[in-house]
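Here's the structure we're looking at; comments come further down.
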Amino acid sequence: MAQQGKFQAIKGVRDILPPESALWNRVEQAARDVFATYGFAEIRLPAFEATQVFERSLGLNTDVVSKEMYTFEDHDLQFLEWLRAEVVARARTAASEKDKGALIARLNTFLIQTREQIKNGMMPQTAPNAIALTRLECDLNFFAAVSDRTPREEIESMAQNVRDTVEDIQFGVSVTLRPEATASVARAYIEHGMHTLPGDVKLYYMGPMFRRERPQKGRYRQFYQIGAEVLGQSDNPGIDAEVIEMLLAFLDLSGLTERKVYVNSIGCRECRPKYVELLRGELQKVKDQLGADSQRRIDTNPLRVLDSKLPEEQPLIETLPRIAEHLCEDCRKHYAALKEQLKLRGIVYEENWRLVRGLDYYMRTTFEITAPGLGSQNAVCGGGRYDGLVELLGGPPTKGIGFALGTDRLILALQEAGKGEAKPQLDVYVAWLGAAAYPMAVRVARTLRGAGFAVELPHEEMKFKKSLGLADRLGARYAVILGDDEVAASTCTVKRLADAHQEKIAEAALVEHLRRHSSELL
RNA sequence: GUGGGCGUAGCUCAGUCGGUAGAGCAUCGGAUUGUGGAUCCGAGGGUCGUGGGUUCAAAUCCCAUCGCCCACCCCA
């Protein structure tokens, strides 16, 4: 229903309306409650970071970084942008005598202005910018020296140079809407010197993330995650197991009982590269039996071939070498201990040797939770160990493990499982009639709300017929009816809407009366 | 970026061979001026996604375009 002139939410983002928003609150509250019992505290992170934080953490050649991030330059230099566009436009036609002069003039102004802004601190003083400016200076000199004898191709090639260089200049810092939060947590851990805190640092977060992807079921451009991280000096598998235990306790409280837990180990910097090469070699041998996507992955990321869903590739994939058999001694012990720790906690899990992670920072323990009813995105939650990430971002050597749960998908799974019901609760509807009753209605509503009841008070005078009709449709448990009679006697007529039973209660005793019957409210 | 499906009332959807735009639910009002749910009566609500073409006549046929959904890639 895209009608001209009507606004609608942009592609891939959406409104979460009542009553569904109540389910969201329930889920998020469950997370807070459970995480708190495991000693986790909330960290509230910015929604955007310097682009490099994500490039460094996730890896430059991951899909997320290379094509799915919302990235922009943060600056306030419209005049320079306009100048740049002018330079580019003039450079396009620089071969003619007239435009040559215009290009020189614009480029000259651009260079002066740019230097000025850098001096003022309005533009970043970076090495690439310095190089670009020097190059433009040379180009300027070239154009000033152009004569009739200068070959046309040379002029055009230089003009092309100018366009490319001028467009490469960074006016501001590159920032990115966060596509995930682990990188931000690591950044914050370093920035605030959290390695000096006693014990492991246990943090959780929740909120929106952003990826510029084609939307589909359970996948949005603004999506939500609930996540938790443990950072510290220890990589004891007990931590990994406890994180998984906590995650499952949270899912229990949320009501997601139909789910599967998969675990795997993907090795470390020592043994994983060796395995990847082994796998690549094996895949090369059977290349012609694979689909086009998998063939491409042999070069780009052999581990992802294991993820293939193509039915015809499955038998072949089953014959491939498994990382569990090629882990180094330390990783083997770590993985074995993890499984022991899970058993110790009575956690039912499945090993999935094909479970690999897409992001560069993962190592050793990886895990995933799946649930039915999510379309082709059956993963609700993924996580793993990322020792070394903090160091990669310039911090001290630090171990880390955590998970991120797709809230949109958890909500979807709960709804599919019939556990998405979230009725708005309305305890009392105050129906009043007559000018004298309104002040009493205001008073009663305020008193009841003060006592913790959810109360609806109409502000237009309505016949009781209409008032009670509304009370019914709003799902109120009780109606308090106030008219001239009640005002005269300082009593309230209290009607239980479920069975139409009603009685008169003194105004002063109303709260006590409703409290006594609060079990009926539930 | 690639492929498929779908756009008619707030929602779910009919709409025949091209011939005045429909139903159910929802909303509002009335039957019922101190009492809700049921029933009955009534009302409002539409640029048939948008633009163009064919035609005496287009929701319907043709072209283009936009939007949404699902799937692939990839991922939570």
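The chains referred to below are lettered A, B, ... by the order of the sequence lines, with proteins before strands, and numbering in each begins at 1. Below, all heavy atoms of this structure are taken into account, side chains as well, without hydrogens, waters or symmetry copies. All of these numbers come straight from a predicted model, not from anything done at the bench.
Atom C1' of B/rU60 sits at a distance of 15 Å from the matching atom of B/rU20, rounded to the whole Å. Nucleotides B/rG49 and B/rC11, compared at atom P, are 13 Å apart to the nearest Å. Between the P atoms of B/rC61 and B/rG1, the separation comes to 30 Å (whole Å). Comparing B/rG18 with B/rG51, their P atoms are spaced 24 Å from each other, to the whole Å. The C1' atoms of B/rG19 and B/rA57 are separated by 7 Å, rounded to the nearest whole Å. Look at the C1' atom in both B/rA58 and B/rU8: the space between them is 14 Å, to the nearest Å. The separation of B/rG34 from B/rU27, taken at their C1' atoms, amounts to 26 Å, rounded to a whole angstrom. Between the C1' atoms of B/rA59 and B/rA9, the separation comes to 14 Å (whole Å).
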Mind listing the side-chain donor-acceptor pairs of residues 174-182 of chain A below 3.5 Å, one per line with the distance, residues two or more places apart or on another chain?
residue	atom	partner	partner atom	Å
A/Ser174	OG	A/Thr51	OG1	2.6
A/Thr176	OG1	A/Thr51	OG1	2.8
A/Thr176	OG1	A/Thr71	OG1	2.8
A/Arg178	NE	A/Pro208	O	2.8
A/Arg178	NH2	A/Pro208	O	3.0
A/Glu180	OE1	A/Tyr361	OH	2.4
A/Glu180	OE2	A/Thr182	N	3.3
A/Glu180	OE2	A/Ala183	N	2.9
A/Thr182	OG1	A/Glu229	OE2	2.8

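Partners of A/Lys285 according to the side chain to side chain contact (heavy atoms under 4.5 Å, CB included) rule, which considers only residues two or more places apart in sequence or in another chain, are A/Glu282. For A/Asp235, the side-chain hydrogen bond (donor to acceptor under 3.5 Å, both in side chains) partners are A/Arg364, not counting sequence neighbours.
Remark: C1' of B/rC73 and CG of A/Asp299 are 17 Å apart, rounded to the nearest angstrom. The CD atom of A/Gln8 sits 12 Å away from the C1' atom of B/rG7 (whole-angstrom rounding). Between the P atom of B/rG67 and the CD1 atom of A/Ile10 lies a distance of 12 Å, rounded to the nearest Å. When the P atom of B/rA71 is taken as reference, atom CZ of A/Arg214 falls 13 Å away, rounded to whole Å. Atom NZ of A/Lys217 is separated from atom C1' of B/rG5 by 15 Å (rounded to the nearest Å). Straight-line distance from the CE atom of A/Met462 to the C1' atom of B/rG29: 15 Å, rounded to whole Å. Atom C1' of nucleotide B/rC69 and atom CZ of A/Arg14 are separated by 14 Å, given to the nearest angstrom. As a whole-Å value, the separation of A/Met69 CE from B/rA76 P is 15 Å.
Looking at heavy-atom distances under 4.0 Å, A/Ala379 makes contact with sugar-phosphate atoms alone, never a base. Contact annotation for A/Val380: backbone-only contact, meaning every heavy-atom pair under 4.0 Å involves sugar-phosphate atoms and none involves a base. A/Phe223 comes within contact range of at least one nucleobase, with a heavy-atom separation under 4.0 Å.
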Along nucleotides 34-39 of chain B, 5' to 3', which nucleotides get a B, which get an S, and which get a -, given that the test is a protein heavy-atom distance under 4.0 Å? BBBB--
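Screening residues 239-258 of chain A for ring-ring contact (aromatic ring centres under 6.0 Å, His included) gives A/Phe35-A/Phe250 as the qualifying pairs, with residues at least two apart or on separate chains. For residues 456-467 of chain A, the pairs satisfying side chain to side chain donor-acceptor pair (under 3.5 Å) are A/Tyr438-A/His459, with sequence neighbours left out. Legend: side chain to side chain donor-acceptor pair (under 3.5 Å) pairs involving residues 252-263 of chain A, not counting sequence neighbours, sorted by first then second residue: A/Asp252-A/Arg259, A/Thr257-A/Lys419. For the salt bridge (Lys or Arg N to Asp or Glu O under 4.0 Å) condition, the pairs that include at least one residue of residues 241-250 of chain A, sequence neighbours left out, are A/Glu245-A/Arg345.
The phosphate of B/rC70 has neither OP1 nor OP2 within less than 4.0 Å of any side-chain N or O from A/Gln216.
When every heavy atom of A/Leu497 is checked against every heavy atom of A/Ala476, the shortest pair comes out as CD1-O, 3.3 Å.
Here the straight-line distance linking atom NZ of A/Lys399 with atom CZ of A/Arg385 works out to 8.0 Å at 0.5 Å rounding.
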Given Watson-Crick and G-U pairs under 3.5 Å, RNA chain B in dot-bracket ([ ] crossing, | other strand) is (((((((..((((.....[..)))).(((((.......))))).....(((((..]....))))))))))))....
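Listed nucleotides: B/rA71, B/rA76, B/rU33. Nearest to the side chain of A/Leu359: B/rA76. For A/Lys11, the listed nucleotide lying nearest its side chain is B/rC68; candidates were B/rC68, B/rU33, B/rC70.
Scanning atom types as modelled, one donor and one acceptor separated by under 3.5 angstrom connect the side chain of A/Arg219 and the base of B/rC74.
Environment of CD in A/Gln52: sparse, with no more than 12 heavy atoms of neighbouring residues, nucleotides or ligands closer than 6.0 Å.
Taking the six-membered ring where the residue is Trp, the centroids of A/Trp24 and A/Tyr224 are separated by under 6.0 Å.
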